[in-house]
Each structure stands twice: as C-alpha cells, then as structure tokens.
Number of protein chains: 2
Amino acid sequence: MTAALFTKPPTAQEAVLAEMRRLLVTGELAPGTPIRQEALADRLGVSRVPVREALKVLEGEGHVEYSPHRGYVVAELSVEDLVEVYRLRELLEAEAIRVAVPKLTPTDLEAIELAAADVTAAGLRADLADVTTANRAFHFLLFDAAGLPRLSRTLRQLWDATDVYRSVYFAAPANRSRVNDEHDELIAALRVGDVRAAIAAQAAHRAHSVEAVSNALTT
Amino acid sequence: MTAALFTKPPTAQEAVLAEMRRLLVTGELAPGTPIRQEALADRLGVSRVPVREALKVLEGEGHVEYSPHRGYVVAELSVEDLVEVYRLRELLEAEAIRVAVPKLTPTDLEAIELAAADVTAAGLRADLADVTTANRAFHFLLFDAAGLPRLSRTLRQLWDATDVYRSVYFAAPANRSRVNDEHDELIAALRVGDVRAAIAAQAAHRAHSVEAVSNALTT
DNA sequence: AAAGTGGATATTGGATCCAATTTCGACTAG
DNA sequence: CTAGTCGAAATTGGATCCAATATCCACTTT
C-alpha cells in the first residue's frame, strides 16, 4: 500500500472540465459564444468525446445552454439572474448557518480561521485566482459544517453560477480588504455561537458583492 | 415551412435519458446497483455514447454516483436525505409562492385549476404515473409563475430527487384523495391572494407526504 | 490456512469514423 | 431587389474500435 505521493493523473474528462471552468471564469469563453466542440478538443489535446461529457456537466450547472443539433453556447448572466442567485443564496445560506453554528467544534473554528488567513494572504499577493478559491473554501467550511450534503451541493451550484463575477469583484483592492473585515466579523459571531449575528454578517457580505457586481454589469 | 404536427423524434440521448428516468422511478434500476453501460445500451438499442451522456446528466442531478474507472451506481436515498430535501423545498417553495401569488393572473389560476382536475381524474383512474406527472404539473404551474428560472430549476432538482417515492405515496387511495383536498385548499388561498395561507397549505401538503414516505422507508 | 502476487477477464475511457442535421451561400424566380 | 430553393460545407449525434484501468481468481509462498 503506497500513499498518494503525487497529484494523481485525473481521468482526463475531469481535466477538460477543470480547464473549461477556467476558460469560463476568465472570460476566454465569453457569454453568448457558441462552443465548437472540435476546436475545443484540439485546443485541449483530446478528442470530442470527453469534451461532450464535460459539456453535459456544465449544462447541468447552467453554465452552457444546449439545443439538439445546434450545439452549446456559453450562458448569459443577466442582472436579474444575478439578483435571483443571491436571493436563493440568502435563503439557503441562512439555513446552513442556523444548522452549522451549534455544531461547530473548536477544530472547525480553527480551520475556518486558517482559511480566512489564506484569503488575506492571497489578497496581499493580489493573486485573484487564489483569492476566489480561498474565499470559497472559507465559506464552504462553514456551510459544509451543517452536515447537509444536498444543501452544500445546491449552494455550490449557485456559487458556481456567479463565479465569473467574483473575480471581477476581487480585482478591486478596496473590495479585497473589505472582505477581510467582513470575514472577521463573521468569525467573531461564530466564536460566540451567535446565529443571528452570523447570518447578518453573511447577509451584509453578500449585499456588498451583489451591489458591486450589478453596478459593474449595468455600466 | 411545415408545422410540427407530431411529437418530434427527439435526439435519442434524450430518449435514453427519459427511459432511464423511468427505470429509476419504477425501481427497475434499484438504489445501489451498479450500472453496466453496455448492457443498458443494448437494452435500449443504442451505443454506449448516448448512455454515457445521459449518465452525466443524471449524475449532475444526483440520481447516480460516479467514480472514475469504476462507473456509475444508482444513488441511495436515506431518510436523512429525504428530510433534507423536504426542508430545502420548504424554504424555496415558500419563496416561490411569496413571489408568484401577487402575480397570478386569472389565466394562471384557471390553468392551475385545470391541472388540479387532471390530478383528480388520474387518481380516479388509479393511474399512478399520470397522477405523479399531473401533480407535478400542478405544483410547477404555481412555482413557475414566480418568474424565477433558477428557483424553478432548483425546485425541479429537489422534486426529481424524491420522485421514486412519490409513486409509492400515490399508490394508497387514501393519499390520493387527501391530495385532492389539499390542492383545493391551496387553490382557495391562491384565489383570494392569501400568501400566508397558500404557504401553509403547501407546507401541510409536504408534511403529509414526507411523513408517509419516511414511514414507508423505515418499516 | 492466510496473505500476497501475477495475470486473465470485464468494464470503463477515449479516439476515430460515419450518419444526420443544420447552416450558409449561390442561384433562380417573381 | 426580395423571397425562395437547392446544395455544399460545417457541425453535431452516434457507432465502432482500441487503450487504460479495475476486478477477480488461480497460484505461490510462508
């Protein structure tokens, strides 16, 4: 029995999926553009088969839209969509926090604080990709602590849907520093087990980002 | 230009998907059983390719679980899962009703009443499949009236997840008649635009079915 | 007998090839 | 000049074939 020493060579449709996600959040695959399967396959050095399977996954997540015999196009995200996603997050994240907070162990809290530090560190390095992944890890440590897999899954879908815009949000240094303060506030509430304060902190956190992003969208 | 006169011959991976959904809700593909792609493909008279694409969709919806190089197995649904699904439905259906009720037009209401009549009719014929589809149509006429596509989509996923058990629920004639009463109560609330009453009716509706189904699961 | 090892078999992953459909442009008719 | 039609090219859908991995079983070793 050998331990997993190196990053396992994944099953390659996963590689395609990961790369396509990157293309989507960086905007290299811009909303509205049709996806040419063969071109994409060539670019990634694989055949069309794994590309098509990855597209089916992305379709399920709402990142691309599909019409039979017409193919896939990158989904557009309107301001209304954005607002809707954030409203659904409001409802579901509140539930996650209600359930999770009473269950939080000191170990959980420690992990969450470490994750917050990661966000800060990535922010100081101005590494946008790292900030977004660290930020996501931070929040989902809390959400997952609720122990409700279906809820976590749904929240992940909602976060995924607006990932494109989170990088935009974190591009502004002011936003990066504000996020740190908001994380600290949330952590303070978690430490004392104050559900209401935690929900409020998370709500304020969301409100700021949805405001910033929808401004960016409308202008 | 010819009008679409007959049910268009769909793109065949859709056919596979539809048939697999049927196999899942009827239990012919029972929870926990591994899915042999080739056997399934032979049975459906197609190659493995469309089967694999359909499986990716079902994986995204949580109906099957996937491990690289190990394949797909039909997902198990525990009582905890069931309770979680219903809790999420509670949160999201309440929101759908809050938004939809003030927007309901007389036309909407008429359609909803017709759908309720369909449920009753199918119930009298004791046609389980028709009852479940009519029941679903009834509820989603209301949910969709909210005009929130992402919410509708998420609710559909949650309903899909427990579709297996809804047929079980409707198998009992007592449940079928109770459902009709509950639908009438909901409609009465919709008619007078009473959001609170509508939410309450929907909640009672859910509570009865989750109770019946979880009893069936534990015994 | 228990545990580990090697290899045959079954199953999934991916590539290539062919069929079906759509798209787009040239051409014709009005 | 516009509308319509036909057909070639592009694109997706599906089938078949080969490769990679996992599973299972006989066999060896202690």
Side-chain angles (χ1 to χ4, degrees), chain A residues 1-21 23-24 29-61 63-75, chain B residues 1-21 23-24 28-75:
Chain A
M1 180 55 190
T2 86
L5 296 179
F6 47 89
T7 59
K8 68 171 176 182
T11 149
Q13 53 179 277
E14 294 179 34
V16 173
L17 188 56
E19 177 63 6
M20 290 199 58
R21 287 192 203 283
L23 294 176
L24 287 169
L29 279 177
T33 59
I35 295 178
R36 298 290 158 240
Q37 299 176 3
E38 187 149 16
L40 230 172
D42 288 350
R43 174 169 179 178
L44 304 182
V46 296
S47 98
R48 275 175 49 215
V49 177
V51 170
R52 277 160 62 175
E53 303 210 343
L55 283 169
K56 271 280 171 285
V57 174
L58 293 173
E59 182 197 359
E61 296 172 353
H63 289 107
V64 301
E65 288 164 6
Y66 171 73
S67 308
H69 294 287
R70 317 267 303 272
Y72 299 84
V73 297
V74 180
Chain B
M1 178 55 190
T2 85
L5 296 180
F6 47 90
T7 59
K8 66 172 177 182
T11 146
Q13 55 179 275
E14 293 179 34
V16 173
L17 189 56
E19 176 63 7
M20 289 198 59
R21 287 192 203 282
L23 294 176
L24 287 169
E28 294 184 62
L29 279 177
T33 59
I35 294 177
R36 297 290 157 240
Q37 300 176 2
E38 188 148 17
L40 230 172
D42 288 351
R43 175 169 179 178
L44 303 183
V46 296
S47 98
R48 275 176 49 216
V49 176
V51 171
R52 276 160 62 176
E53 303 210 345
L55 282 169
K56 271 280 170 283
V57 173
L58 293 173
E59 183 198 357
E61 296 173 353
H63 289 108
V64 300
E65 287 164 6
Y66 170 73
S67 308
H69 295 287
R70 314 267 303 272
Y72 298 84
V73 296
V74 181

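Quick caveat, the model's predicted, so the values are computed rather than measured. Lettering of chains follows the sequences in order, A, B, ..., and the numbering in each one begins at 1.
- When the local axes at the two ends of the helix from C:dA1-D:dT30 to C:dG30-D:dC1 are compared, using 5 base pairs at each end, they differ in direction by 10° after rounding to 10°.
- Here B:Tyr66 reaches the OP1 or OP2 of C:dG13: one of its side-chain N or O atoms lies under 4.0 Å away.
- One can place CD of B:Glu53 at 7 Å from P of D:dG14, the figure rounded to the nearest angstrom.
- Within the 4.5 Å cutoff, the side chain of A:Leu24 has heavy atoms near those of the A:Leu58 side chain.
- A straight line from NZ of A:Lys56 to C1' of D:dG13 spans 10 Å, rounded to a whole angstrom.
- Every residue two or more places apart in sequence or in another chain that forms a side chain to side chain donor-acceptor pair (under 3.5 Å) with A:Glu53 is listed here: A:Gln13, B:Arg52.
- Residue B:His69 contributes atom NE2, which lies 15 Å from atom C1' of C:dA10 at whole-angstrom precision.
- Of the two residues near DNA chain C, B:Gly71 and A:Pro50, the one whose nearest nucleotide lies more 5' is B:Gly71.
- Shown here for B:Met20 and B:Ala54, the closest heavy-atom pair between the two residues is SD-CB, 4.5 Å.
- Using a 4.0 Å heavy-atom criterion, one finds that A:Gln13 contacts the sugar-phosphate atoms exclusively.
- For the pair A:Arg70 and C:dT23, the criterion of a side-chain N or O lying under 4.0 Å from OP1 or OP2 is met.
- Between B:Pro31 and B:Ala75, the shortest heavy-atom distance links the atoms CB-O, 3.5 Å.
- One can place CD of B:Glu59 at 14 Å from P of C:dT12, the figure rounded to the nearest angstrom.
- For B:Arg52, whose side chain is taken as the heavy atoms from C-beta onward, the closest listed nucleotide among D:dT16, C:dG13, D:dG13 is C:dG13.
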What's the verdict on side chain to side chain contact (heavy atoms under 4.5 Å, CB included) for B:Tyr72 and B:Glu59, showing C-alpha distance, side-chain angles and the deciding distance?
CA-CA 8 Å; B:Tyr72 298 84; B:Glu59 183 198 357; 4.1 Å; yes
Worked verdict on A:Thr33 versus A:Val73 for side chain to side chain contact (heavy atoms under 4.5 Å, CB included):
CA-CA 5 Å; A:Thr33 59; A:Val73 297; over 6 Å; no
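- For A:Glu61 and A:Lys56, the salt-bridge test fails: no basic side-chain N is under 4.0 Å from an acidic carboxylate O.
- Shown for residues 32-48 of chain B: residues whose heavy atoms fall under 4.0 angstrom of DNA chain C, namely B:Ile35, B:Arg36, B:Gln37, B:Arg48.
- Atom P of nucleotide D:dG13 and atom CG of B:Leu17 are separated by 14 Å, given to the nearest angstrom.
- A:Arg21 and A:Glu14 are not joined by a salt bridge, as no carboxylate oxygen comes within less than 4.0 angstrom of a charged side-chain nitrogen.
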Side chain to side chain contact (heavy atoms under 4.5 Å, CB included) assessment of B:His63 paired with B:Val57:
CA-CA 9 Å; B:His63 289 108; B:Val57 173; over 6 Å; no
